[in-house]
S.K.: 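First the structure, which I've put down as structure tokens, then a few questions once you've had a look.
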Amino acid sequence: MKAGKLKEADRETANKMLEVAGRTHEGWLDTNSINNFPSEDLRTINQLWVKYSMSHFGFSVQKKIWLEVGGKVDYETEKKLGDRVGWRKNSSWMNYDHLTFSFQAPVGHLPRVFTSGWGGGKGGVLALLLSRQEL
């Protein structure tokens, strides 16, 4: 991330979160793993993103936007967040490989670490993470 390799940093973030949660095989976090994700690890990951992006990216940046668009743990709020941070285009969730992995991306665009089981109609799973108090 420090070197500006944002796609690699996003993938590394996903891999680390899946490893910590014991969900590497599944490839995505579920409600239980998000609720039980260690606070210290979540804060550390967020702080790295915020620091090395000069507050352009990070879960706490996404949380601020999530609160602005309603702050609910539901799919409608998640869609609004996706629209604001550039994960949706023409009312559809974008394929991971079509995201913008540069600082020209909208504020809050990264991390977008999960390509399945996350966003795109999975019932507010991202919003559940953003509702965590430590962010």
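Note: hydrogens, waters and symmetry copies are ignored here, and every other heavy atom, side chains too, is used.
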S.K.: Are the charged groups of R11 and E8 less than 4.0 angstrom apart, N to O?
M.R.: no

S.K.: Kindly give the heavy-atom pair with the smallest separation between S39 and E134, and that separation in Å.
M.R.: OG-OE2, 2.9 Å

S.K.: Where is the tightest heavy-atom contact between M17 and L42, given as atom of each residue plus distance?
M.R.: CE-CD1, 4.3 Å

S.K.: I need the D74 CG to K79 NZ distance, nearest 0.5 Å.
M.R.: 9.5 Å

S.K.: Does K72 have more than 12 heavy atoms from other residues, nucleotides or ligands lying within 6.0 Å of its NZ?
M.R.: no

S.K.: Examine Y52 together with F57 and report whether their ring centres are nearer than 6.0 Å.
M.R.: no

S.K.: Just do the side-chain contact (heavy atoms from CB on, under 4.5 Å) check on L110 and K7 with the steps written out, would you?
M.R.: CA-CA 9 Å; L110 298 172; K7 190 169 190 175; over 6 Å; no

S.K.: Is there side-chain contact between W66 and V73, with at least one heavy-atom pair below 4.5 Å?
M.R.: yes

S.K.: Would you indicate whether the side-chain heavy atoms of F59 and R132 approach each other to under 4.5 Å?
M.R.: no

S.K.: Can you see which heavy atom on W87 is nearest to which on G108, and at what distance?
M.R.: CZ2-O, 3.9 Å

S.K.: Compare all side-chain heavy atoms of E78 with those of W93 and state whether any distance is below 4.5 angstrom.
M.R.: yes

S.K.: Apply the test side-chain contact (heavy atoms from CB on, under 4.5 Å) to residues H56 and V61: give CA-CA distance (whole Å), side-chain angles for both, the deciding distance (0.1 Å), then the verdict.
M.R.: CA-CA 7 Å; H56 194 77; V61 175; over 6 Å; no

S.K.: Is E40 paired with R43 through a side-chain N to carboxylate O contact shorter than 4.0 Å?
M.R.: no

S.K.: Has the side chain of D10 got a donor or acceptor atom that lies under 3.5 Å from a matching backbone atom of R112?
M.R.: yes

S.K.: How long is the gap from CG on L99 to CG on L6, to the nearest 0.5 Å?
M.R.: 11.5 Å

S.K.: Measuring from I45:CD1 to S60:OG, what's the distance to the nearest 0.5 Å?
M.R.: 12.5 Å

S.K.: side-chain contact (heavy atoms from CB on, under 4.5 Å) for V20 and K16? Distances and angles first, verdict last.
M.R.: CA-CA 6 Å; V20 168; K16 183 53 71 178; 4.1 Å; yes

S.K.: Set out, in order, the CA-CA distance, both residues' side-chain angles and the distance that settles side-chain contact (heavy atoms from CB on, under 4.5 Å) for S33 and W28, then state yes or no.
M.R.: CA-CA 9 Å; S33 56; W28 52 278; over 6 Å; no

S.K.: Locate the shortest heavy-atom distance separating I65 from L81; write the atom from each residue and the value.
M.R.: CG2-CD1, 3.6 Å

S.K.: Which atoms form the tightest heavy-atom contact between D30 and R23, and what is the distance?
M.R.: OD2-NH1, 3.2 Å

S.K.: With a 4.5 Å heavy-atom cut-off, do F101 and Y96 have their side chains touching?
M.R.: yes

S.K.: Considering only NZ, NE, NH1 and NH2 on the basic side and carboxylate oxygens on the acidic side, decide whether E68 and K64 come within less than 4.0 Å.
M.R.: yes

